[in-house]
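Within every chain, numbering begins at 1; the chains are lettered A, B, ... in the order of the sequence lines, protein sequences first and strands thereafter.
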Protein chains: 2
Amino acid sequence: MAVSLRDVADAAGVSIATASRALGGKGRVSEASMRLVRETADRLGYRVNTLGKALREGSDGVVGIVVPMVSNPFYASLVHEFEDQLSRRNLKLLIADSHGELDREVERLEALASRRVRGIFVVPAYFDRSRPTITKIARQLPLVQVDRRVKDDSTLTFVGVDNADGIGQVLRHVFEQGAKTVVFVGADNRTSVGRERKKAFTTGVEELGLVAQRPIIDRYLFEFGLSAANQLMRRAELPDAVIAGDDLIATGLLSGFVRREMSVPGDVLITGFDGTILADICNPTLTTVQQPMAKIAEVAVAQLMQQIDDAGETGSHVRLRTTLREGGSTARLPTRTVPRSTT
Amino acid sequence: MAVSLRDVADAAGVSIATASRALGGKGRVSEASMRLVRETADRLGYRVNTLGKALREGSDGVVGIVVPMVSNPFYASLVHEFEDQLSRRNLKLLIADSHGELDREVERLEALASRRVRGIFVVPAYFDRSRPTITKIARQLPLVQVDRRVKDDSTLTFVGVDNADGIGQVLRHVFEQGAKTVVFVGADNRTSVGRERKKAFTTGVEELGLVAQRPIIDRYLFEFGLSAANQLMRRAELPDAVIAGDDLIATGLLSGFVRREMSVPGDVLITGFDGTILADICNPTLTTVQQPMAKIAEVAVAQLMQQIDDAGETGSHVRLRTTLREGGSTARLPTRTVPRSTT
DNA sequence: CTGAAAGCGCTTACAG
DNA sequence: CTGAAAGCGCTTACAG
């Protein structure tokens, strides 16, 4: 059995209260007791039982995060940044993967709440269906929505980026590169991010006087990008630029085109969204909308800490700025010298 | 304040013991009490306090994992698989990022042990320096080393792949593609994986009668691959094939070459290790050693469960098989028709 | 400065 | 079937 505070106190010949004070560094303890207790604790290999401490104090230093998919490089980076921010405040990160499924998300959120974590970060799986559980949990403990938000969330805190502005950035960029016809290949209305980027695309296209082809909509997956590229190549006319909903789709598109001997940016321009490592790795490199991951984590953690301290201070929505990260995928305007192969 | 079992019991007019039994589903409870208590609990929005439960039972359903860097796609996938495996057993995953630094690793491991997690998965940051803490912790609770191991770990459990065989697979592959001169670009002796892959390269080269150029050794980073490509291009003679220590380095190499107008596989063949999504995304796609991530998680979790149940059953080392995943980066033998540009 | 005691929320023998 | 009680390990008023 593990050694408890009781064991240390007995071995040191002091009360359990004194032992606690000596180890915890709180309350008055004589220099002698302090040393004695600490030595004894070391000798016995004592380690505080966080469970007991937490029960007594109401909560332990654990914060939970629910993401749709850790294996998505964007969320992997985000988790990394959160872990970093939290560890500076001596908090631990409990990670839960919802797989983008409502059932799992609900189950995970309830489990975190049961565990009496100090707070929760959540990237909602759905814009509307995630709402009930999230608002319910938020009434019970500090909660911050990250990256995505749910419908009618004026009472909930949110930290993410300005997706509309981000899409505007790439749209203006391809416009400046000479693109006239564009197409959006992104995700559906299931998530706030899907909605916002899709809508911003439509708005931006109008403002710039571009011609938009019929969009292709599905999930944030590399495989989807791949198949979308094939669909596009089957169309009568290839657009000048493809605006992808995220980097996974964008790199999928890029691979899809290149594998069919098309040139990017020679035949078509492609842009992504997120600014993950994927944008560096593909060839050509991907022009993308860079999300400030570290900043998102920093602000989200700050918001959560504020809720923990002030208890009640919720409802603020923070939209961080994205930046255009130029890569080779939009390096020059498409020059359709060679008629593209039809397949 | 959150509603406690006490509240539910009072509201239902039963003892706290009966309430506990009714909710927990253990022990004899009358049908009537059962229904009454459950209804009351629902009405009050009761949710068991895992902390109290855990203190009573000695541990909660949390398992910790310490990885060097969640943002590395390989570890992101691994974490994803672990979360999946664990959630089926109703266990939660506490994630800790060591950044590959000893201090952080020690601190994280101690914290997990303090928290009385059910067990720990750890990817050791160092082959030798990580040993003391890991063996110490392993004496106190179930622990399984994953992917990497520490020195003299016959008492420790380990689950990973057969790195020697994996390197052998790519080496034979490039040999069959006609490569004569090869070079290893990988990581140092700091980790077991670095050691094993490096050593396997040397052994394999001898067996196949290949000529090895001086290796380039550093960390598992995309940026390192990038700079290694530049170093290689500065050499008098470019090797026929570059065997990279992992996919990050491999894609870095690939980008490095391609950005300098070299052709892969036209001028040089490249192979990776891990089988992450990166191998799909780069262009050409990367030939790599596929690690069975799901299987690793499955076996590692099974090993941990066994330790939890049998208490003491440690020391087994499981080496899973890797498979060769062929991509475009080794599609054909280099044909040096064009003298390569010197820069 | 130090100790005895209460209590965080829960589960489970132990009686009845 | 049900309740009173003990106890998991800890911290912190409360006395002294």
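Applying the 4.0 Å criterion to OP1 and OP2 of C:dG3, one finds that A:Thr18 has a side-chain N or O inside that range.
The separation between A:Asp60 atom CG and D:dC8 atom P is 20 Å, rounded to whole Å. When the C1' atom of D:dC8 is taken as reference, atom CD of B:Glu57 falls 10 Å away, rounded to whole Å. Remark: P of C:dG9 and CZ of A:Arg115 are 16 Å apart, rounded to the nearest angstrom. Taking atom CG of A:Asp10 as the reference point, atom P of D:dG9 lies 13 Å away to the nearest angstrom. In this structure, A:Lys26 places its NZ atom 18 Å from C1' of C:dC1, rounding to the nearest Å. Here the P atom of nucleotide C:dG7 and the CZ atom of B:Arg6 are 12 Å apart, to the nearest Å. Regarding A:Ile16, its CD1 atom lies at a distance of 20 Å from the P atom of C:dC1, rounded to whole Å.
Residues B:Val150 and B:Ser192 fail the side-chain proximity criterion, which asks for heavy atoms closer than 4.5 Å. Side chains of B:Leu78 and B:Gln291 form no contact here, defined as non-hydrogen atoms less than 4.5 Å apart.
Taken residue by residue, residues 28-53 of chain A places heavy atoms nearer than 4.0 Å to DNA chain D at A:Tyr46, A:Val48, A:Asn49, A:Gly52, A:Lys53.
Ring orientation note: the planes of A:Phe121 and A:Phe82 are tilted relative to one another, at an angle of 30° to 60°.
Listed by chain and number, the residues in a ring-ring contact (aromatic ring centres under 6.0 Å, His included) with A:Phe158 are A:His317 (sequence neighbours excluded).
For A:Tyr75 and A:Asp97, the side-chain atoms include no donor-acceptor pair closer than 3.5 Å.
Considering only the side chain of A:Leu55, C:dC8 comes nearest among C:dC8, D:dC8, D:dC10.
One C1' atom belongs to C:dG16, the other to C:dT12, and the distance between them is 16 Å to the nearest Å.
The partner of D:dA13, taking Watson-Crick or G-U wobble pairs whose two distances both stay under 3.5 Å, does not exist in any strand shown.
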Please produce a list of atom pairs where a protein N or O lies less than 3.5 Å from an N or O of nucleotides 13-16 of chain D.
{"residue": "D:dA13", "atom": "N6", "partner": "A:Arg21", "partner atom": "NH2", "Å": "2.8"}

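Checked for salt-bridge contact, A:Asp42 and A:Arg38 miss the test: no charged N lies under 4.0 Å from a carboxylate O. A salt bridge is absent between B:Glu57 and B:Arg116; no separation between the charged side-chain nitrogens and carboxylate oxygens falls under 4.0 Å. Salt-bridge annotation for B:Arg148 and B:Asp153: absent, with no side-chain N of the basic residue lying under 4.0 Å from a carboxylate O of the acidic one.
Residue order along DNA chain D, read from the 5' end via each residue's closest nucleotide, puts B:Ser15 first among B:Ser15 and B:Arg116.
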Worked check of salt bridge (charged side-chain N to carboxylate O under 4.0 Å, His left out) between B:Lys92 and A:Glu107: CA-CA 11 Å; B:Lys92 308 295 165 202; A:Glu107 191 267 322; 3.3 Å; yes
